[in-house]
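Protein chains get the first letters and strands the later ones, always in sequence-line order, with residue 1 at the start of each.
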Number of protein chains: 2
Amino acid sequence: MKPSTSIQDYLKRIYELTENGQPASTNDLARELNVKPASVTGMIQKLAAEKPALVEYQKHQGVTLTAAGKRAALEVIRHHRLIETWLVQTLGYSWDEVHEEAERLEHVISEDFERRIAAALGHPLRDPHGELIPTADLKMPLDESTPLSALRKNQSGKILCIKSADADLLRHLNELGLTPNTSIEVVDYSPFDHNLTVTAGKRTSVLGLNITGRIFVEKK
Amino acid sequence: MKPSTSIQDYLKRIYELTENGQPASTNDLARELNVKPASVTGMIQKLAAEKPALVEYQKHQGVTLTAAGKRAALEVIRHHRLIETWLVQTLGYSWDEVHEEAERLEHVISEDFERRIAAALGHPLRDPHGELIPTADLKMPLDESTPLSALRKNQSGKILCIKSADADLLRHLNELGLTPNTSIEVVDYSPFDHNLTVTAGKRTSVLGLNITGRIFVEKK
DNA sequence: AAAATGATTTAGGTAAGACTAAATTTTACA
DNA sequence: TGTAAAATTTAGTCTTACCTAAATCATTTT
Ligand SMILES: [Mn+2]
Ligand SMILES: [Mn+2]
Ligand SMILES: [Mn+2]
Ligand SMILES: [Mn+2]
């Protein structure tokens with residue numbers, strides 16, 4: 001049985017929050033899902049009681065995904081990222097407009113629709129933000145990127161991915177020329193505020209940690 | 001506030017059932033919506049109590065749409081038919097595959113998405129089944145078609161529209177060459193069973209009322 | 001006109017998924 | 001090591017949209 005829209009969103013957020021290896025906390029999930037912590041506890045208990053269980057859960061210890069939960073999460077993430085790519089390629093959406101639309105479409109498309117857009121797009125590896133698209137058999141490709149915030153003076157790389165759904169930030173980065181596939185060089189580092197001065201194309205920008213932590217690069 | 005998926009489906013069905021000028025009955029709605037009559041009564045009472053009311057309702061007398069209800073219904077129908085057209089044009093769906101997918105997508109696309117596919121398709125007037133697409137300002141164009149069942153021996157016309165969501169029937173008609181824009185001639189009429197013998201392209205078929213009542217033509 | 005039939009409505013429930021308020025557990029730190 | 005703060009869970013409600021069973025209404029048939 002296909003999980004409900006709500007459940008799909010919970011699993012997706014749990015996947016994202018546990019990518020660092022730590023269990024996802026009730027509060028973090030509540031914030032990401034725009035829901036109260038009490039509601040999260042209720043849903044988590046339900047997901048843990050499903051057969052097969054979709055999450056591993058111990059009171060007060062946070063949640064992680066089981067194999068079944070991870071599969072369901074990757075299914076939604078694949079939908080989301082293929083749809084974003086599709087909207088940009090065929091309907092002229094810009095990268096700051098696609099997320100909201102994909103957030104709703106991801107839950108209602110058929111597996112047939114998924115196959116058709118994947119084929120029409122030539123089985124893309126990344127979405128418009130550079131995020132990796134899970135494969136058709138629901139494996140997440142290995143992510144070999146480094147956060148820009150880890151680079152120091154005179155190091156350089158190529159932008160692979162912007163990890164943000166904030167439309168304003170995405171528009172801002174677009175204006176600074178900081179988009180996937182752009183080559184970038186760090187020309188200065190300020191140790192106290194962690195600001196990086198970077199050059200991309202002809203432009204030079206000073207970026208705070210809130211930005212450099214969301215830009216992921218392939219180190220040269 | 002945008003109506004829920006359920007409400008949108010109710011309004012759409014009420015629109016279809018009242019196209020003949022008669023109010024829609026509780027039982028007919030229940031059948032179309034795959035829901036029990038008691039549930040229909042409950043929902044109808046809710047829709048009549050909305051401000052502004054979406055339906056006009058008197059106990060035991062059936063239900064009709066108010067202006068607000070009709071607008072909401074045409075919005076969903078426009079989505080549905082544009083999506084069907086788009087799936088056929090850009091993803092190679094066949095006309096018997098699109099309905100199910102559109103039935104889910106129609107409720108979640110944005111007005112922006114609607115505008116984009118309408119523009120990308122060149123503002124089409126009809127969907128893949130030949131059904132008229134409501135305009136952007138939510139008017140249903142005048143339907144000047146005649147049911148094939150009203151034609152008699154030696155009369156001819158051009159197929160405008162197939163009014164059916166039955167995938168098997170659509171595939172069958174496809175094989176008989178009975179698709180929109182095809183010219184058709186009635187070569188025989190059997191008064192007792194209302195069968196029509198028709199020629200379309202090189203093929204001749206004998207069609208019962210269940211089919212001829214769903215094929216709509218422009219009389220020559 | 002009464003009775004039977006069919007359509008519709010009412011009454012009372014269920015399930016999902018949210019919420020608030022109160023209780024409890026964990027963690028932080030004085 | 002005890003307390004205060006923060007995080008989490010529990011308990012009890014609410015809304016939406018469905019269900020079944022029983023009651024009522026409307027239409028037909030006798
Ligand atoms: Mn996104
Ligand atoms: Mn979503
Ligand atoms: Mn359709
Ligand atoms: Mn629908």
Looking at C:dT26, D:dA11, C:dT9, which one has an atom nearest to any side-chain atom of A:Ala38? D:dA11
Rounding to a whole Å, what distance do you find between A:Ile44:CD1 and D:dT8:C1'? 10 Å
If I take atom CG in residue A:Asn34 and atom P in nucleotide C:dG17, what distance separates them, rounded to the nearest angstrom? 17 Å
Value in whole Å for how far the P atom of D:dT24 lies from CD of B:Gln58: 21 Å
Does B:Leu105 reach the side chain of A:Leu105, with side-chain heavy atoms less than 4.5 Å apart? yes
Could you give the NZ-to-P distance, from A:Lys36 to D:dA11, as a whole number of Å? 22 Å
For C:dA16, does either OP1 or OP2 sit under 4.0 Å from a side-chain N or O belonging to A:Tyr10? no
May I ask you to check whether B:Phe113 and B:Trp86 place their ring centers less than 6.0 Å from one another? yes
Which heavy atom of A:Leu169 sits nearest a heavy atom of A:Ser164, and at what distance? CD2-OG, 3.6 Å
Can you see if the side chain of A:Ser6 gets near the phosphate of C:dA16 - specifically, an N or O under 4.0 Å from OP1 or OP2? no
Kindly say if A:Ser39 contacts the phosphate of C:dG17, meaning a side-chain N or O under 4.0 Å from OP1 or OP2. no
Is the phosphate of C:dT10, meaning OP1 or OP2, less than 4.0 Å from a side-chain N or O of B:Thr41? no
Taken to the nearest whole Å, CD/B:Gln61 to C1'/C:dG6 is 15 Å
Can you check whether A:Tyr57 has a side-chain N or O nearer than 4.0 Å to OP1 or OP2 of D:dT8? no
Closest nucleotide among D:dC18, C:dC19, D:dT8 to the A:Thr26 side chain: D:dT8
Rounding to a whole Å, what distance do you find between B:Arg31:CZ and C:dG6:C1'? 15 Å
Counting any heavy atom closer than 4.0 Å, what does B:Val35 reach on the DNA or RNA strands: base, sugar-phosphate only, or nothing? sugar-phosphate
Can you tell me which nucleotide in D:dT10, C:dT25, D:dA17 comes closest to the side chain of A:His60? C:dT25
Of all the choices, C:dT8, C:dG17, D:dC18, which nucleotide is nearest to the side chain of B:Met43 once you look at every atom? D:dC18
Lys/Arg-Asp/Glu bridge criterion (N-O < 4.0 Å) met for A:Asp112, A:Arg116: yes
Taking only the side-chain nitrogens and oxygens of B:Lys59, find out if one of them lies under 4.0 Å from OP1 or OP2 of C:dA7. no
From CG of A:Asn27 across to P of D:dA6 the rounded distance in Å is 11 Å
Among A:His79, A:His107, A:His80, find the residue that satisfies the side-chain hydrogen bond (donor to acceptor under 3.5 Å, both in side chains) test when tested with A:Gln8. A:His107
Ranking D:dT8, D:dT10, C:dT9 by distance to the side chain of A:Gln45, first place goes to D:dT10
Between C1' on C:dG17 and NZ on A:Lys46, what's the gap in Å once rounded to a whole number? 7 Å
